[in-house]
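First comes the structure, then the notes that go with it.
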Amino acid sequence: MEISTIRLEALKEIGNIGSGHAATALSKLLDTRINMSVPKVWTVALKDLSEALGEYDTPQVALYLKVEGNAPGKALFILSLESAEYIAQTLLRYTERPDLFSDEMAQSALREVGNILVSSFVIALSEISGINLHPSVPALAIDMVGAIMDAVLLEEGIIDDNVLIIDTKLSGVEEMKGKFFYIPNEGSLDKLLGVFGI
Amino acid sequence: MNTTIMVGMADFKVGRSPDKLMTAGLGSCIGVCIYDLQAKIGGMAHIMLPNSVESLQGNPLKYADTCIVMMLEELYKLGVIKSRLKAKMAGGAQMFSFGDKKPLLRIGERNAEAVQQELKKAGIPLLVYDIGGNFGRTITFDIQTGDLNVRTINHGEKVI
């Protein structure tokens with residue numbers, strides 16, 4: 001997949017607005033200031049993906065939503081275990097860190113966070129482009145990030161050799177380390193950018 | 001020197017003892033090892049999709065059928081003897097389920113079937129496998145011993 005510089009810049013701007021909305025939603029939810037970095041927009045070859053993701057076989061928490069509508073894609077919110085524990089603890093007002101593997105309330109709370117975060121990103125994307133988009137029910141996995149990524153990429157059963165990724169990092173409170181990925185499906189990019197005549 | 005050779009998605013690597021081959025974070029993908037224990041030569045592939053017939057585009061190493069054939073060619077060049085080849089595989093999980101949503105394409109399961117079929121076609125016995133479930137696997141193959149180490153996050157670690 002070859003993408004021109006102007007397209008990458010436009011995507012970065014779109015990602016910026018979407019991430020801004022998502023960060024605001026998350027800040028309100030946790031009642032603390034959460035920042036999201038200016039998104040990095042890049043294409044990466046499959047064989048380099050696990051390297052690019054980093055820490056590909058340490059356990060992380062992934063919230064995955066399919067974005068359906070006229071320009072479908074996939075949204076993935078990846079958090080370190082500590083960040084996810086922190087979020088669940090804050091939301092549920094627990095006195096201790098929950099065990100995410102067994103605590104269903106904590107898992108449910110995290111799914112809701114994924115829902116809110118991705119929804120706000122998608123609504124922003126939808127508003128800027130005027131294209132109808134809506135997120136699916138969130139799925140949650142606590143596992144190796146590489147395994148999660150390959151499942152997400154392969155879900156449709158076909159795949160390009162390169163993946164276009166809009167990648168934003170989360171920060172704010174010390175415990176908060178996360179990444180947000182948006183992966184437009186094949187053809188969706190043309191629709192999203194076509195609106196702007198790019 | 002003992003080195004660990006990393007295998008990326010949609011890729012394969014071959015090596016000789018004492019090298020080890022490793023691929024990290026297999027989800028619905030399959031890691032398949034084919035080796036000649038006597039010659040101490042082996043290969044590992046990280047396969048993403050069942051077959052190239054329905055959907056061939058781009059890198060042929062993505063697919064079970066094309067990737068295994070290409071890896072075998074490379075192994076023969078290194079000097080393996082066909083009758084001594086054995087195989088082991090792991091992966092093929094179903095990482096996410098959406099509950100109320102329509103069933104997914106069961107890519108993990110189909111990948112495992114496709115690899116089995118290709119090995120059968122090539123006449124290579126599949127000695128052992130560790131597939132399925134809803135969790136990721138990191139595998140390391142020791143060409144010296146033929147041991148395949150399978151590590152998971154919350155489902156233990158084993159050697160098959």
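If you're wondering where the values come from, they're calculated on a predicted model, not measured in any experiment.
Closest approach of A/A151 and B/S28 over heavy atoms only: CA-OG, 3.6 Å. The heavy-atom pair separating A/A147 from B/G136 by the smallest distance is CB-CA, 3.5 Å. Taking both residues in full, the closest heavy atoms of B/R151 and A/M144 are given as O-CE, 3.3 Å, listed atom of the first, atom of the second, then distance.
With a 4.5 angstrom heavy-atom cutoff, B/T23 does not touch chain A via any of its atoms.
Follow the hydrophobic side-chain contacts under 4.5 Å out from B/I30 and you reach B/I68 in the same cluster. B/M71 and B/M44 are assigned to two separate hydrophobic clusters, defined by single-linkage of ILVMFWY side chains at heavy-atom distances under 4.5 Å. A/V118 and A/L26 fall within the same hydrophobic cluster, defined by Ile, Leu, Val, Met, Phe, Trp and Tyr side-chain heavy atoms under 4.5 Å apart, directly or through other members.
Atom OH of B/Y129 sits in a sparse spot, with 12 or fewer heavy atoms from other residues, nucleotides or ligands closer than 6.0 Å. The 12-atom threshold is exceeded at CG of A/N132, counting heavy atoms of other residues, nucleotides or ligands nearer than 6.0 Å. Atom NZ of A/K12 is surrounded by 12 or fewer heavy atoms from other residues, nucleotides or ligands within 6.0 Å.
The only member of B/N154, B/I153, B/N134 that meets side chain to side chain contact (heavy atoms under 4.5 Å, CB included) when paired with A/D143 is B/I153.
The line from SG of B/C29 to CG of A/L153 is 8.5 Å long, rounded to the nearest 0.5 Å.
The main-chain N or O of B/G27 is found under 3.5 Å from a side-chain atom of A/D150 such that the two form a donor-acceptor pair.
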